[in-house]
Amino acid sequence: MRETTPAAPVVLDLWCDLECPDCHQALSDVRAVRARYGDRVEIRLRHFPLEKHKHAYAAAQAAEEAAVQGQDWPYIEALLARTEELGKTGEPVLLDVARELGLDAEEFDTALIDGRHLLIVDADQAEGKAIGVTGTPTYVIGDERLDGGKSQEGLRERIEEIIDRRLAAQG
């Protein structure tokens, strides 16, 4: 008897700036996609800190530290809920969110000082630029790109349309 392996999930890359108010809005789309598709869709946060947001680069590094500590999405979601505060207050917010989630805030502080996650953030940003990402949020599913930075209008429907088409092609 031949074992069947389940189809690989459709991968949705969300190119995000963690200080971006539009990325905060994108969370509702991410939650809706998760609720509708479950583990058939893998949502990956990709870092694309914009120069106009002076704390976004540090926030991206902090998110990577949260991933190391096993709390990537809870941290990302908590931080995106505080984009305005991050913009005004800066790095103390990164540590506050870590503490609120019960993470090792001292390790966050050390990671921001020693730059241990810089390469991941830089690699994401370079890849984003290479595939044409110019703003955030940008959704990439396979070879299809949706720019949510221009308009959120009808975006979730377009995301679901692409996912449905890709899932149907697999099965």
Side-chain angles (χ1 to χ4, degrees), residues 9 11-35 37-39 41-141 145-150 152 155-156 159:
V11 175
L12 185 159
D13 281 335
L14 170 58
W15 297 86
C16 186
D17 169 321
L18 292 170
E19 194 179 332
C20 170
D22 289 335
C23 287
H24 170 74
Q25 298 300 318
L27 265 185
S28 61
D29 291 331
V30 166
R31 289 183 181 125
V33 166
R34 268 200 207 119
Y37 298 102
D39 60 6
V41 175
E42 178 187 351
I43 301 172
R44 299 187 308 197
L45 182 95
R46 305 298 300 273
H47 300 293
F48 202 78
L50 302 169
E51 281 185 31
K52 67 181 177 180
H53 294 135
K54 63 183 180 215
H55 305 294
Y57 197 75
Q61 293 175 69
E64 286 302 316
E65 182 57 34
V68 168
Q69 294 189 31
Q71 293 285 318
D72 50 351
W73 278 102
Y75 186 84
I76 290 161
E77 292 189 24
L79 195 54
L80 282 172
R82 295 167 72 168
T83 54
E84 192 176 325
E85 186 185 351
L86 177 61
K88 289 178 183 162
T89 311
E91 291 187 17
V93 174
L94 303 176
L95 303 178
D96 288 347
V97 171
R99 279 187 207 96
E100 286 162 17
L101 292 172
L103 299 173
D104 184 341
E106 265 185 48
E107 200 57 38
F108 271 75
D109 198 30
T110 303
L112 290 171
I113 293 166
D114 71 19
R116 68 182 75 157
H117 302 299
L118 287 173
L119 288 176
I120 293 170
V121 176
D122 289 346
D124 270 7
Q125 196 164 36
E127 185 182 334
K129 286 178 181 171
I131 64 168
V133 174
T134 57
T136 59
T138 296
Y139 302 83
V140 177
I141 308 163
R145 189 175 72 233
L146 299 170
D147 184 352
K150 290 193 172 84
Q152 304 273 320
L155 196 58
R156 185 179 308 165
I159 292 167

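None of these values were measured; they are calculated from a predicted model.
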[X] side, atom [atom1]; [Y] side, atom [atom2] - distance, nearest 0.5 Å:
X: Ile159; Y: Leu14; atom1: CD1; atom2: CG; result: 8.0 Å
X: Glu100; Y: Tyr75; atom1: CD; atom2: OH; result: 9.5 Å
X: Tyr37; Y: Leu12; atom1: OH; atom2: CG; result: 10.0 Å
X: Trp15; Y: Lys129; atom1: CH2; atom2: NZ; result: 11.5 Å
X: Leu45; Y: Cys23; atom1: CG; atom2: SG; result: 8.0 Å
X: Ile43; Y: Arg31; atom1: CD1; atom2: CZ; result: 11.0 Å

- With sequence neighbours left out, what residues match Arg116 under side-chain hydrogen bond (donor to acceptor under 3.5 Å, both in side chains)?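 Expected list: Glu107, Asp114.
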- Residues which pass ring-ring contact (aromatic ring centres under 6.0 Å, His included) with Phe48, listed by chain and number, not counting sequence neighbours: none
Let me have the donor-acceptor pairs involving side chains of residues 91-99, under 3.5 Å, with sequence neighbours excluded, atom names and distances please.
| unit_1 | atom_1 | unit_2 | atom_2 | d |
| --- | --- | --- | --- | --- |
| Asp96 | OD1 | Arg99 | NH1 | 3.1 |

- Task: Might you confirm whether atom CD of Glu106 has over 12 heavy atoms from other residues, nucleotides or ligands at distances under 6.0 Å?
- Result: no
How close do [X] and [Y] get, heavy atom to heavy atom, and via which atoms?
X: Ala59; Y: Leu86; value: CB-CD2, 4.0 Å
X: Thr136; Y: Cys20; value: OG1-SG, 3.3 Å
X: Gly87; Y: Lys54; value: O-CE, 4.4 Å
X: Ala26; Y: Tyr139; value: CB-OH, 3.0 Å
X: Ile76; Y: Ala63; value: CG1-CB, 4.1 Å
X: Thr83; Y: Leu80; value: CG2-O, 3.3 Å

- Step by step, would you call Arg44 with Glu127 a salt bridge (Lys or Arg N to Asp or Glu O under 4.0 Å)? CA-CA 14 Å; Arg44 299 187 308 197; Glu127 185 182 334; 5.9 Å; no
- Short side-chain donor-acceptor distance under 3.5 Å, Gln69 and Glu65: yes
Could you tell me if the side chain of [Y] sits less than 4.5 Å from the side chain of [X], heavy atoms only?
X: Glu84; Y: His24; value: no
X: Ile131; Y: Val140; value: yes
X: Pro137; Y: Gln25; value: no

So, the side chain of [X] versus the backbone of [Y]: is there a donor-acceptor pair under 3.5 Å, distance only?
X: Glu19; Y: His55; value: yes
X: Gln125; Y: Pro49; value: yes
X: Asp17; Y: Leu50; value: yes

